[in-house]
Structure formats: C-alpha cells, structure tokens
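Some notes on the structure that comes next.
Atoms within a ligand are numbered from 1 in the order they appear, just like the ligands themselves.
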Amino acid sequence: MKRILLVFGTRPEAIKMCPLVKEFQKHPEEFETLVCVSGQHREMLDQVLQIFGVKPDYDLNIMKQGQDLYDVTARVLTGMRDVLDEVKPDVVLVHGDTTTSMAAALAAFYRQIPVGHVEAGLRTHNLLSPWPEELNRQVTGRIATYDFSPTPLSRQNLLDEGVPEERIAVTGNTVIDALHWVVENVLKKGYQPKDPSVASLLQDDNCHSGQSGESKRMVLITGHRRENFGEGFISMCRAIRDLAENYPEVDFVYPMHLNPNVRKPIREVFGAHPAKNLHFIEPLDYLDFVFLMEKSYLVLTDSGGIQEEAPGLGKPVLVMRDTTERPEAVEAGTVKLVGTDHDLIVRETSRLLDDRAYYETMSHAVNPYGDGKACPRIVEKLK
Ligand code: UD1
Ligand code: UDP
C-alpha cells in the first residue's frame with residue numbers, strides 16, 4: 001500500500017486534480033489517497049471541491065486579501081512541512097504552475113519525498129510570461145521524479161532539458177477528463193444553471209451559440225494574469241468596451257476573477273453603468289461556466305485552462321497574452337494569440353463576428369489536450 005498526497009490550492013488546479021483524487025480512490029488496495037489544499041484560493045477553490053465532492057484531509061487555509069507571491073510561497077512552504085511530517089507520504093503529487101505547486105514540491109524535496117508533476121513540460125521559455133508561472137513550472141519540473149505530460153510536445157520539452165525518458169508519461173490533460181465528465185453527466189442531462197445572472201441571461205433566450213444566426217450571440221470573457229495588471233488590463237477593458245459599443249446585438253459576458261487587481265481596472269473603465277449588453281458577473285462554479293462556454297460564440301481570455309477546454313467544445317479562442325505554453329490548439333487553428341493590444345483585440349474579435357466563413361475555420365472541435373483518460377493513465381503509471 002502506497003500513501004499518495006495530492007496538493008493543490010487554486011480553482012484551476014482543483015478542476016484538474018479532483019478527477020485524479022477520484023481515480024485514486026477507486027484503488028483502495030493499492031493506494032491510500034490523501035488531499036491537502038493550501039487554500040491559496042478560498043471561495044473559488046471551495047466551489048470546485050463541492051462540485052466534485054472532494055473533502056480535503058488538510059487545509060492550510062493561507063489566503064489573505066491582496067496576498068503577494070512572498071506570502072503564498074512562505075505560507076505554503078512552512079505549512080507543508082508540518083503536513084509532510086504528519087502524513088509521511090510515499091509520493092506527493094502537484095499540478096502545473098501555481099505558487100502552491102512550486103512551494104509544495106520544494107517542501108517535499110526538503111524532506112526527500114518523491115514528487116509527481118501533473119501537467120508537466122509546458123513551456124514558453126520566457127520566465128516573465130506568464131509570470132511567475134513559467135518559473136514555477138520549471139522549478140517543479142526540476143524537482144519532480146515522475147512527469148505526467150499532457151501532450152507529445154510537452155514531453156519533448158522535458159527531453160530537451162535532459163529529463164530521462166523513463167520518468168515521463170504522456171497522459172493527456174486531466175482537464176479533458178473533467179470536461180468530459182461535465183458534458184456527459186451534467187450538460188447532456190438537461191442541466192439548468194444555478195447562478196441567477198446566467199439564468200437571467202438565458203431567460204430572455206437572448207444568448208446562445210448563434211449557430212442558427214437567429215438569436216443573440218455571446219462573447220465569453222475572462223482575465224487574470226499578473227503580467228497584464230496595469231496597462232495591459234486597461235487596454236483589454238477598453239477593447240471590450242469598444243466592441244460592446246460596436247456590436248449592441250452581441251452579449252459580452254465577463255465572470256470576474258475575485259482578485260482586486262482584476263476588478264479595479266474594470267471599475268475604472270466601465271464605471272457604475274456599463275452598456276446594456278455588457279454583463280460583469282461573479283465567478284461561476286465550474287458547471288455553470290462550462291454550460292456558458294458551450295453556449296458562447298467565441299471566447300476572449302488570458303486563462304490557461306480555458307485554452308484547453310474551449311477548443312474541445314469547438315469555440316474559437318482569442319488569447320489576450322503575448323505567449324502561450326499551449327501552442328497545440330494554435331497550430332490546430334482554433335486558438336489565436338492577440339496580446340493586450342486594444343486594436344488587435346478589436347480587429348480579431350470583429351473579424352470573427354463579421355466573417356462567417358472565417359469563423360467556421362476556427363470553430364471546429366479539436367482535442368489536442370487529451371481523450372478524457374488522463375487520470376487512469378496517471379494511476380496506472382504510479383502503480
Ligand atoms: C493564481 C495563480 C495563477 C492561476 C490563477 C487561477 C500563482 C502565483 N497564481 O493567481 O497561476 O492562473 O490563480 O485563477 O500561483 N481571491 C479571493 N478569493 C478566491 C481567490 C482569489 O478573494 O477564491 C483574491 C484574494 O484577494 C487574493 C487574490 O484574489 O489575494 C489573488 O489570488 P492569488 O491566488 O494570489 O492570485 P491569482 O491571480 O488568483
Ligand atoms: N472557470 C470557472 N468559473 C469561472 C471562470 C473559469 O469554473 O468563472 C474554470 C474554467 O472552466 C477553467 C478554469 O476555471 O477550467 C480556469 O481557471 P483560471 O482561468 O482562473 O486559471 P488558469 O487556467 O489560467 O490557471
């Protein structure tokens with residue numbers, strides 16, 4: 001019997017790690033499965049834990065309003081010391097590129113406990129973009145004994161860095177496992193969204209994917225990257241404001257991240273009374289968000305996870321970043337980088353809204369990030 005400790009702390013990590021927790025729990029003879037959350041996110045993490053029915057064994061509960069990278073790193077590192085001493089796991093599993101993942105991997109390394117890195121090998125090769133995630137994932141990769149790469153390209157990135165071949169398994173991304181679960185078990189069973197703002201948007205039948213060209217179309221927006229704070233965010237917001245003015249018949253729906261650095265520029269640019277077709281709403285739980293993504297016409301985002309999910313649903317994605325560690329969907333033609341430049345965001349979004357033939361070229365469903373079986377592959381490999 002091996003004791004596995006899965007550690008995560010933010011919304012996207014939880015979405016990608018909860019299906020893996022569930023998969024380990026199917027093998028009680030081989031694995032004792034324990035979960036530690038850092039609580040780097042609080043409300044947005046708890047939303048996901050609740051949906052997947054995962055009850056953490058340990059909760060470091062570190063989140064503070066306006067926390068900085070020093071706060072998160074230090075609190076996770078020292079918090080994990082005590083958890084590791086009590087649990088004494090055989091393996092610690094962390095995910096991706098957050099500061100929780102990097103600091104938890106470092107904590108395990110200090111106790112010489114092997115680390116498995118889920119979503120290993122993504123790279124932009126630019127330490128400042130995304131910041132600090134590119135360094136977080138490189139540090140975590142350097143520490144890891146087991147690398148679970150989502151795609152052949154991410155495996156190749158690790159090989160190029162000298163990681164021995166036998167340490168790496170190409171598994172697909174666990175986010176596709178989560179997405180398949182939602183589509184098959186929730187959306188296809190006539191799911192009705194819980195969030196009142198989503199329900200009211202749909203009530204007037206005023207937004208859907210626009211495939212028939214009759215009802216209102218919806219542009220779904222998210223943004224939260226640290227390197228975009230300040231000028232980049234203001235520029236993104238102005239582009240959204242101008243698009244909403246140019247396309248009064250289109251709904252622009254923005255579930256806002258809880259980070260105050262995201263909300264401040266939104267308030268500054270849009271004021272108290274944004275245009276009628278602009279909908280700033282609270283962060284949605286994962287089920288409502290996937291529901292809305294499925295109804296949307298296109299997605300404007302700087303998110304990592306949404307770049308993986310939306311192509312699977314056949315939704316064109318314009319990425320408001322200068323770099324991406326996920327070039328697979330760009331190569332497949334459904335994702336395009338537009339940075340934070342006002343004119344480029346307006347031009348590319350307008351082209352998708354105006355030019356049906358062009359829209360069709362970007363809206364075919366592709367799944368470069370997996371087939372929904374990443375979790376069983378990871379468990380098999382660890383066996
Ligand atoms: C973090 C990750 C980022 C990931 C993102 C996903 C790091 C350095 N950043 O960034 O890689 O893409 O999560 O969303 O690891 N807040 C709340 N409640 C919540 C969540 C956040 O109030 O449930 C507010 C708090 O004021 C908090 C702030 O948001 O201090 C920032 O949270 P933090 O986790 O530090 O940064 P994110 O931008 O969310
Ligand atoms: N998401 C969600 N509710 C929202 C916005 C996003 O559940 O209101 C989900 C989305 O489906 C994706 C993940 O959160 O799986 C992405 O999280 P985020 O953009 O915060 O982080 P990143 O992926 O950039 O690290």
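- Val338 pairs in a side chain to side chain contact (heavy atoms under 4.5 Å, CB included) with only one of the listed residues (Arg321, Met236, Glu348), which is Glu348.
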**Message:** Working note: Ser38 + Phe8, criterion side chain to side chain contact (heavy atoms under 4.5 Å, CB included); need CA distance, chi angles, decisive distance, verdict.
**Reply:** CA-CA 6 Å; Ser38 69; Phe8 50 92; over 6 Å; no
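- Protein heavy atom in closest approach to atom 14 (O) of ligand 2: Arg11 NE, 3.3 Å.
- Annotation for ligand 2: atoms under 4.0 Å from non-hydrogen atoms of Gly305 are 22 (P), 23 (O).
- By the neighbour-count criterion of 12 heavy atoms within 6.0 Å, atom OH of Tyr254 is densely surrounded, having more than that number from other residues, nucleotides or ligands.
- Between Phe289 and ligand 2, a contact under 3.5 Å exists for no N or O pair.
- In the vicinity of Gly304, heavy-atom distances shorter than 4.0 Å reach the ligand 2 atoms 22 (P), 23 (O), 24 (O).
- Pairs of residues two or more places apart, or lying in two chains, that qualify as salt bridge (charged side-chain N to carboxylate O under 4.0 Å, His left out) and include a residue from residues 267-278 are Lys264-Glu268.
- In terms of N/O distances under 3.5 Å, ligand 2 is not approached by Thr222.
- When only modelled atom types and interatomic distance are considered, His41 and Asp46 share no side-chain donor-acceptor pair under 3.5 Å.
- Within 4.0 Å of ligand 1, heavy atoms belong to protein residues Thr10, Pro12, Gln40, His41, Arg42, Glu43, Met44, Met63, Lys64, Gln65, Gly66, Gln67, Leu69, Thr98, Thr99, Pro132, Glu133, His224, Arg225, Arg226, His257, Leu258, Asn259, Pro260.
- For ligand 2, the polar-atom distance check against Pro12 finds no nitrogen or oxygen pair separated by under 3.5 Å.
- The salt bridge (charged side-chain N to carboxylate O under 4.0 Å, His left out) contacts involving residues 112-139 comprise Lys16-Glu119, Asp97-Arg137, Glu119-Arg326, Arg123-Glu161, Glu133-Arg225, Glu134-Arg137, Arg137-Glu325, where partners must be two or more places apart or lie in separate chains.
- In this structure, the protein non-hydrogen atom closest to atom 18 (P) of ligand 2 is His224 NE2, 3.6 Å.
- Distances below 4.0 Å separate heavy atoms of Leu284 from the following atoms of ligand 2: 2 (C), 3 (N), 4 (C), 7 (O), 8 (O).
- The distance from atom CD1 of Ile51 to atom CG of Asp285, rounded to the nearest 0.5 Å, is 3.5 Å.
- Using a 4.0 Å cutoff on heavy atoms, Arg225 counts as a contact of ligand 2.
- The salt bridge (charged side-chain N to carboxylate O under 4.0 Å, His left out) contacts involving residues 62-83 comprise nothing, where partners must be two or more places apart or lie in separate chains.
- With respect to atom 9 (C) of ligand 2, the closest heavy atom belonging to the protein is Ile15 CD1, 3.6 Å.
- Listed for the Asp251 side chain is no donor-acceptor partner under 3.5 Å among the backbone atoms of Met218.
- Taking the six-membered ring for Trp and thresholds of 30 and 60 degrees, His27 and Phe31 have ring planes more than 60 degrees apart, a perpendicular arrangement.
- Heavy-atom contacts of Pro255 reach the following atoms of ligand 2: 8 (O) (cutoff under 4.0 Å).
- The Pro283 neighbourhood of ligand 2 comprises atoms 8 (O), with distances under 4.0 Å to a heavy atom of that residue.
- Every atom of ligand 2 with a heavy atom of Ser303 under 4.0 Å away is listed here by number and element: 16 (C), 18 (P), 19 (O), 22 (P), 23 (O), 24 (O).
- Atoms of ligand 2 found under 4.0 Å from any heavy atom of Glu309, numbered from 1 in the order shown, are 10 (C), 11 (O), 12 (C), 15 (O).
- Between the side chains of Thr323 and Ser129, at least one donor N or O sits under 3.5 Å from an acceptor N or O.
- When side chains are defined from C-beta on, Val253 does not count as touching Val219, because their heavy atoms never get closer than 4.5 Å.
- At distances below 3.5 Å, not a single donor-acceptor pair connects side-chain atoms of Arg238 with backbone N or O atoms of Val269.
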